[in-house]
Amino acid sequence: MINRQLQSPPIFGKANLDSTKHLNIFLPSMSNVRVRFEPSPTGSTHIGTARTALFNWLYARKTGGTYVLRIADTDKERNSQEALDELLSVLRWLGLDWDEGPEVGGDYGPYFQSQRKSIHMEYLQKLQDTGRAYEKDGAIFFKLEGERYTEYDEYHKAEIEKVRTEPVVVKDSIRGDVTRREERDFVIVRSNGDPGFHFVNVVDDIAMKITHVLRGEDHLSNTSKHLELYKAFGAEPPIYAHMPMILRDPKQGKGKMSKRDKGALIEEYQSRHFLPQAVVNFIALLGWSPKDDQEVLELKDLLERFDLKDLQKGGARFDEKKMSHINFEHMKRLPMATYLPPAKAALLDADLASEENDAYIEKVLTICQEKIDSFENLPGFASYFFTENYPINEKAEGKATGNSDSIQRIQEITPLLDSIELWDASTIDNAFNRLAEEKELKPFAWYPVVRFAVSGTNSGPDFLPMLEVLGKDRVVNRLRKFESKYANLAAK
RNA sequence: GUCCCGUUCGUCUAGUCAGGCCUAGGACACAGGGUUUUCAUCCCUGCAACAGGGGUUCGAAUCCCCUACGGGACGCCA
């Protein structure tokens, strides 16, 4: 086996065949495995869609196979260019590159199903030649083999025609052999002339020589249709793997997660400045787990540990808190060079930072990084570093101004801090210590009120570094402001 | 309604295939304590599960059966 090298940070376009080079791990050389991810560009990207994309990618990379991206755009009514652009950009954001598909081409194109009509029609002809297709109500149906009979159907509330077919067996590497019987002819070409999902799905998988199909469990029942088509074409079906559904947080209701649920859309994580590696990490943990106890994993770690047989069978419930935690773990591990851009973006979004003050922003971030779990919370956590118009936490205000000593504490420390020439944490520390000694108190007597006076809250980064980063001017000015604002406390 | 798939702490899961190493492990969340003389970080402790019933076995979370519950499919959507 030759080790496959892959590249960084996911650069796409023409030359992305090896775009996992940056992961810098050993992968098997080319194998015959061909998997495909077949999204339909009809809206925002669902978390389950992303997981399907991820697991297909992992399986392809793990086996040295080929990852095919095929766009399911057969329903003209619901497709849009924006949705397609969005989809491709989400895949890139997640770091999932494809070997064949839109923008990169490949030997089995076109990769848009809407452009494969001639291929679909060829296969349709085969079915018609063997008497396995017929027209009804303007649409073309696939004809099942077996004895026909009519029966009242409780679900359709009507008398319908059914077929006593032989059962088919789905070879599923997660669930084992699943036996099911298809009992109704189904539409393969709609009356508007466009081929339908089940048909194109199978035809394209045959034509593109797909060997493994990883998809959601919602397709498991459909698979009997697909197997009937494979039989009719005399083609060898792929190995299937039906992944468990991602279910709603019970607080949000029952059933599988829908696009309307909070946390369901990848675009939501992008706009909230979540880290892509955290999103990848979290969705990988839904229905799959590494066998060691390590949970914080990047793409390359997932690749090392991934195995189809370790997929869970039962549905997984989405948990927003765990998602945030995973994001936090990744954020803490980020080097400043990679931490800065998204953090700055979040600050810019909140109109806090300006383009020029990178050095200052970096200082702020250095002391905040270990404390906050998400970039979206950064503005709330650190606004007072950037503006005088920061929010005042009422609870903290109550505490800080709760006793009459507060104003006195501020009056004592302000001149000392004002007289400091070399403004750094240790000098500031000395000032507090000297004062404490003189007053026979602990420095702790000053900390809470000073923190509140300069930040409007009682929580934040480590105290002394915070004062250092804020700078003498801000600190002293805010202490003076505090003095005048709460002057009445002194009178008590 | 019919068919298919599932079911270990509140949640994600390890363990199930090859029964004993499981008084069921980890993580999130929650609760309590502690450190950091502040803090949303960090550390410690606690809480908490084999859906129920039958069977096989010396022994069952693990194998078999039934029940219950959950999920999915049943579209001229994908």
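Any value given below was found using the heavy atoms of this structure, including those in side chains, with hydrogens, waters and symmetry copies removed. The sequence lines fix the lettering, A, B, ..., with proteins before strands; numbering per chain opens at 1.
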For B:G75, take OP1 and OP2 only and decide whether either is under 4.0 Å from a side-chain N or O of A:R190. no
Min side-chain heavy-atom separation A:L214-A:L308 under 4.5 Å: yes
Euclidean distance for P, B:G26 against B:C47 (whole angstrom): 12 Å
Please give, in whole Å, the distance from B:U41 P to A:H325 NE2? 11 Å
With rounding to whole Å, what would you report as the distance between B:U35 and B:C21 at their P atoms? 40 Å
Without decimals, in angstroms, what is the distance between A:N192 CG and B:C76 P? 12 Å
For the pair A:H226 and A:H198, name the ring-plane relationship: parallel under 30°, tilted 30 to 60°, perpendicular over 60°. tilted
B:U8 versus B:U16 - spacing of their P atoms, nearest Å: 15 Å
Look at all strands and tell whether A:G138 reaches a base, only sugar-phosphate, or nothing, counting heavy atoms closer than 4.0 Å. nothing
Looking across every strand, which nucleic acid part, if any, lies under 4.0 Å from A:P448 by heavy atom: base, sugar-phosphate, or nothing? nothing
Of the nucleotides B:G75, B:U41, B:A78, which one has an atom closest to the side chain of A:K371? B:U41
With a sphere of 6.0 Å drawn around NZ of A:K162, does it hold more than 12 non-hydrogen atoms of other residues, nucleotides or ligands? yes
Heavy atoms only, 4.0 Å cut-off, all strands: where does A:T179 land among base, sugar-phosphate and nothing? sugar-phosphate
Quote, to the nearest angstrom, the P distance that separates B:A18 from B:C65. 15 Å
With heavy atoms under 4.0 Å as the rule, sort A:P39 into base, sugar-phosphate or nothing. nothing
Taking the nucleotide of RNA chain B with the nearest heavy atom to each, does A:M323 or A:P195 sit closer to the 5' end? A:M323
Just how far, in rounded Å, is C1' of B:C77 from CZ of A:F197? 9 Å
Report the relative orientation of the aromatic rings in A:F282 and A:F318; use parallel for angles under 30°, tilted for 30 to 60°, perpendicular for over 60°. perpendicular
C1' gap between B:C9 and B:A61, integer Å: 14 Å
Output the single nucleotide from B:C5, B:G1, B:U37 whose closest atom is nearest the side chain of A:K442. B:U37
Considering every strand shown, what is the Watson-Crick or G-U wobble mate of B:C42 when both distances are under 3.5 Å? B:G34
Quiz item: cation-pi between A:K332 and A:F328, 6.0 Å / 45°: yes
Consider ring pair (Phe, Tyr, Trp, His ring centres under 6.0 Å). Of A:F55, A:Y240, A:Y59, which one does A:H212 pass it with? A:Y59
Taking everything shown except A:E437 itself, do over 12 heavy atoms lie less than 6.0 Å from its CD? no
Mind calculating the distance between CD (A:E217) and C1' (B:G6) to the nearest angstrom? 7 Å
Ignoring backbone atoms, establish whether A:H156 has a side-chain N or O less than 4.0 Å from OP1 or OP2 of B:G75. yes
Give me the distance, rounded to whole Å, that separates B:C17 from B:G1 when you measure between the P atoms they each carry. 35 Å
Report which part of the nucleic acid A:R78 touches: base, sugar-phosphate, or nothing (heavy-atom distance under 4.0 Å, all strands). base
Among B:A73, B:A78, B:G1, the one nearest A:K256 by side-chain distance: B:A73
Is A:A72 touching bases, backbone alone, or none of the nucleic acid, heavy atoms closer than 4.0 Å? sugar-phosphate
What is the nucleic acid contact for A:T74, judged by heavy atoms within less than 4.0 Å: base, sugar-phosphate only, or nothing? sugar-phosphate
Under 4.0 angstrom, heavy atoms only, what part of the nucleic acid is A:N433 near: base, sugar-phosphate, or nothing? base
Counting only side-chain N and O atoms of A:R70, is one of them less than 4.0 Å from OP1 or OP2 of B:A78? no
What nucleotide, of B:C76, B:C42, B:C74, holds the atom closest to the side chain of A:K225? B:C74
NA contact type, A:D218, heavy-atom cut-off 4.0 Å: base, sugar-phosphate, or nothing? sugar-phosphate
Counting Watson-Crick and G-U wobble pairs only, both distances under 3.5 Å, name the nucleotide matched with B:C3, or none. B:G72
Taking the C1' atom in each of B:G10 and B:A48, what is the distance between them to the nearest angstrom? 9 Å
Rounded to whole Å, how long is the line connecting atom CD of A:E183 with atom P of B:U2? 12 Å
Could you work out the separation of B:G25 and B:A49 based on their P atoms and round it to a whole Å? 11 Å
NA contact type, A:K309, heavy-atom cut-off 4.0 Å: base, sugar-phosphate, or nothing? nothing
Partner nucleotide, any strand, of B:U16 [Watson-Crick/G-U, under 3.5 Å]: none
Is a donor-acceptor contact shorter than 3.5 angstrom present between the side chain of A:S221 and the base of B:C4? no
Within the structure shown, what part of the strands sits under 4.0 Å from A:D462 by heavy-atom distance: base, sugar-phosphate, or nothing? base
Paired with B:C9 by Watson-Crick or G-U wobble geometry, both distances under 3.5 Å: which nucleotide is it? none
Quick one about A:Y339 and A:Q369 (side-chain donor to acceptor, distance below 3.5 Å, no hydrogens or angles considered), yes or no? no
Would you call A:R36 and A:R215 a side-chain contact if the rule is heavy atoms closer than 4.5 Å? yes
Spacing between A:D373 atom CG and B:C39 atom P, to the nearest angstrom: 18 Å
Specify the separation, in whole Å, of atom CD of A:Q294 and atom P of B:C28. 13 Å
Between C1' of B:A40 and NZ of A:K332, the distance in whole Å: 12 Å
A:L54 and A:L299, any side-chain heavy atoms less than 4.5 Å apart: yes
Go through B:C42, B:G1, B:U37 for me and flag the one nearest to the A:Y447 side chain. B:U37
If B:U57 has a Watson-Crick or G-U wobble mate with both distances under 3.5 Å, name it; if not, just say none. none
Using only heavy-atom distances, decide whether a donor-acceptor pair under 3.5 angstrom links the side-chain of A:S459 to the base of B:A40. yes
Give one of base, sugar-phosphate or nothing for A:F381, where a contact means two heavy atoms less than 4.0 Å apart. base
Between B:G6, B:C76, B:A78, which one does the side chain of A:R175 approach most closely? B:G6
Does a sphere of radius 6.0 Å around NZ in A:K259 hold more than 12 heavy atoms from other residues, nucleotides or ligands, not counting ones at 6.0 Å or beyond? yes
Please encode protein proximity along nucleotides 7-19 of chain B as a string of B, S and -, counting only heavy-atom distances under 4.0 Å. ----SBSSS----
Could you check, using the six-membered ring where one of them is a Trp, whether A:F463 and A:F432 have ring centers closer than 6.0 angstrom? yes
Using the side-chain heavy atoms of A:E329, tell me which of these nucleotides is nearest: B:A78, B:C39, B:C42. B:C42
